Amino acid sequence: WITPHHRSPSISLFLAGAKHQPARRLSPIYMLNNNGDTKESSSMGLNELQTLLRQASQRQDFLEAQRLSDVVASRLYGDMTNVDDETRRLRRRKMSWRGLGAAPWLVDRLDSLNYTFPTSVQICSMESVNAILNNTNEIVETTSLEERMGMDDSNMGIVISGNTGSGKTLAYLVPLLSTLSDSLFTRQRLRVGWEETVGDTMGDLMERVAVVTSPVVRSRARKQMRQNGAIATGASLSTLGKSNKEDIKSPLALIVCPARELGVQIALLLYSLIGGNVKKEATELSGKANSFRYKGPKGIRIACVLDDEEAIYGLKLQTDIAITTPEYVGKLIADGDIVPSKLRAVIYDEADLALEQTDIEDLQRLFADDNEERENSRLTFLVGASVTKSLGNLAVSSHVLPESRSYIATATSFAPLSDNSEDDSTDIKDDIVGERQKTASLQDLDVCLDSGLRHERVVVRSQDTSQLLVLTRLLRKELREYDVHVAAGNNPPMQRPRVVVFFPDEVAAKAAIEPLRDAMWGEHKLCVLLPKTGETPLNIMEQFRDAKTSVMLATANSVRGLDFPSVSSVYTLYLPKNDPREYVHLAGRVGRIGQMGSVKGGGGRVVSVLKEGEEADELESLASSLGFEFTDTVPEFDDGIVRLDDGTIDVEGTDVEKLRRMLEDNMSLLSLADDPTTIDVEASGAEYVDDDDDDEEEEDDEDEEED
Ligand SMILES: Nc1ncnc2c1ncn2[C@@H]1O[C@H](COP(=O)(O)OP(=O)(O)OP(=O)(O)O)[C@@H](O)[C@H]1O
């Protein structure tokens, strides 16, 4: 990224830093993990490498950033050491947003939001667009992506299939905004007369994202509008079709994702890219990302239809980019809120699930609209860690993606997709939502997990304990290790554990919240994410994201695509053997780019706490189908209970407080064991019997309370 064209502040710093830095400085994490030795970058997962790159650039250690960037480049393009200077220059250029063809205002904005360097999947996605457009490096450097798209009138399709937490959201948002850039500027000028400013800081999350508009500077925009009675714009109007109100009403892009929570997350990221401030309090405004420094198009409207109430109103304002879930696609089209022929970008995020949830007729309307009718070429993205190559090929043969102009981008490569079908019909086929879709998305799943994740198994012997009890002890053990680290003043500081725990369904997650909350009282703040049955899932999500809670109970599909900062480990209390994709997505909440947990030694554990027998044994076949290795952990719990030689508890020698806790844990957590057994609690002499009879149980509880 060192070229004369660069004007971004971080680049000047980069150059300045490079000049004044006398010798290469290694990051503290390197030193920590290797007892002073340099860690072999080759053994790192891509997410870890890119987290370290981000850290190096943030602390302005530019030589280290350059070195790490070259390691990422060598994973994408091959060895960087034995290449000539020109090849190295070109490869390095492709490691930058600008070199990949992103719109200049967006490059600045990405930098101010600390997305300075594209991640490998973002590079591969942008490279796929450039490859489909058949562009040489020279064209990329001199012509905007939108202009290049405009010269080409056929459709393009891209499957983005990088591992979890690799940055797939920006991998489609950056090409989306770059290919619509001029049109967004033009729309801004055309509708200046109807502008209204939407406040930056608002209360409820749903209200905040229902309609969000990038910042508007009214006076300047009016002036431009009136210059010589004509619209003063450098952007080409031809890309808009006819310039009347009607044309700027219909959205240019549609993003479909399977869940409301994910829709909100995408809207917030998109909003921040177009200059908005996503923080609730005005005092949270950060300097570098300040909207006054934003140079992109103003007044871009993003509208969400993510629940029934919003669906009633539809897309009221003139929307530029619409975000919805599969169930509302049909209604939006039927109401004329979305005109498929005017869509220039369609994105299916978590596409394997979202396609499955979309009615085949709605898909037909969306994708099989008449080519003759279509006003512009269209860019379609199918995105998701479990959106595999087989699914991409099926999408080509089902005519969701255009034949011969579709690519697949992963975290390490990009390549054309093929259409293996003999069928030359132009109708969309229902394969893409039926059984063949499921089979296809269950293939090639082995590339979906980041190789840096550490997988562990803890086997729970049901005759002497329960999964919840083991989980509680594991969580306490983590906390003790953290306390020891802090007390010793070790550097770098360790992150306090933040954990997501997975259950097979919402009923099981809900049942576990009370006993776990009681058991972890004073140590962890717990919450449970229940998008289907809960009352305020968005608030729960936001609180966990803002670190107001530190343990979240959830189900695998409900967290698909959700990005929580600083998660240190995840635990699953069930084995998703029927659908391995669930393991991919639950494991993928940790080890994400930017998390400490992606860096070895900083967490990044996926712990399966499984019942002895079939379930525990089956982890092996799941591991081999997903291509990961796991270790067996036999946890040694220091619960403070002193035991005699024969294993019984030394009541005299044990602290009363510890005994009390053990008793409480056994009472609340063992009662949830699937196989209720009689447990002798020798310390108290009491006997706890889990009885099926509710009345008797209540009586027992009362007696215990009296005791
Ligand atoms: N260019 C970048 N520079 C720094 N951090 C980035 C960059 N792109 C993405 N990230 C960070 O990486 C994390 C993961 O990104 P994202 O949520 O898009 O992952 P994903 O691949 O969509 O994951 P999933 O498979 O779970 O949906 C986010 O916290 C995001 O802020």
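Excluded from the calculations below are hydrogen atoms, water molecules and symmetry mates; all remaining heavy atoms, backbone and side chain alike, are included. Just so you know, these numbers come straight off a predicted model, no measurement behind them. We count ligands from 1, going down the list as the structure has it; atoms in each ligand are counted the same way.
Neither the backbone nor the side chain of Gln50 comes within contact range of ligand 1; no heavy atom lies under 4.0 Å. By the criterion of a heavy-atom distance under 4.0 Å, neither the backbone nor the side chain of Gln595 is placed next to ligand 1. At a heavy-atom distance under 4.0 Å, no atom of His585 approaches ligand 1.
Residue Thr164 has no N or O atom closer than 3.5 Å to an N or O atom of ligand 1. Between Thr169 and ligand 1, at least one pair of N/O atoms sits closer than 3.5 Å.
When hydrogens are left out, the protein atom nearest atom 1 (N) of ligand 1 is Phe117 O, 2.8 Å; that is the closest non-hydrogen contact. Closest to atom 15 (O) of ligand 1 among all protein heavy atoms lies Gly167 CA, 3.4 Å. In terms of protein heavy-atom proximity, atom 28 (C) of ligand 1 is nearest to Asp563 OD2, 3.1 Å. When only non-hydrogen protein atoms are considered, atom 25 (O) of ligand 1 lies nearest to Lys168 NZ, 2.6 Å. The shortest contact between atom 11 (C) of ligand 1 and any protein heavy atom is with Ile593 O, 3.8 Å. In terms of protein heavy-atom proximity, atom 26 (O) of ligand 1 is nearest to Arg592 NH1, 2.7 Å. Annotation: atom 5 (N) of ligand 1 to nearest protein heavy atom, Arg54 NH1, 2.7 Å. Nearest to atom 10 (N) of ligand 1 among the protein's heavy atoms is Tyr115 CE2, 4.0 Å.
Side chain to side chain, Asp349 and Tyr172 meet the donor-acceptor criterion of an N or O pair below 3.5 Å. Judged purely by distance below 3.5 Å, without hydrogens or angles, the side chains of Ser598 and Thr51 pair a donor atom with an acceptor atom. Side chains of Tyr348 and Thr380: a donor-acceptor N/O pair is absent below 3.5 angstrom, by distance only. Remark: the Ser608 side chain and the His455 side chain contain no N/O donor-acceptor pair separated by less than 3.5 Å.
Aromatic pair Phe502/Tyr571: centroids not less than 6.0 angstrom apart.
Interface of Arg589 with ligand 1, defined as ligand atoms under 4.0 Å from a residue heavy atom, comprises 26 (O). Per-residue contacts place Glu350 under 4.0 angstrom from the following atoms of ligand 1 (heavy atoms of the residue considered): 27 (O). In summary, the atoms of ligand 1 found under 4.0 Å from a heavy atom of Thr119, numbered by their order in the structure, are 1 (N), 2 (C), 7 (C), 8 (N). Numbered from 1 in the order shown, with element, the atoms of ligand 1 that lie under 4.0 Å from a heavy atom of Leu170 read 8 (N).
For the pairing with Ser569, the side chain to side chain donor-acceptor pair (under 3.5 Å) check across Glu478, Glu456, Arg454 returns one residue only, Glu478.
Scanning both residues, Thr164 and Asn47, for their nearest heavy atoms gives O-ND2, 3.0 Å. Ala411 approaches Ser120 most closely through the heavy-atom pair O-OG, 2.8 Å.
Comparing Gly561, Gly588, Ser120 against atom 27 (O) of ligand 1, the shortest heavy-atom distance belongs to Gly561.
Taking the charged nitrogens against the carboxylate oxygens, Arg589 and Asp563 have no contact shorter than 4.0 Å, which rules out a salt bridge.
In this structure, Gly165 has a heavy atom closer than 4.0 Å to ligand 1.
Formation of a donor-acceptor pair under 3.5 Å by the Ser128 side chain with backbone atoms of Tyr407 is not found in this model.
A heavy-atom distance below 4.5 Å is found between the side chains of Ser272 and Leu113.
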side-chain hydrogen bond (donor to acceptor under 3.5 Å, both in side chains) between Thr555 and Ser558, intermediate numbers included: CA-CA 6 Å; Thr555 58; Ser558 67; 3.0 Å; yes
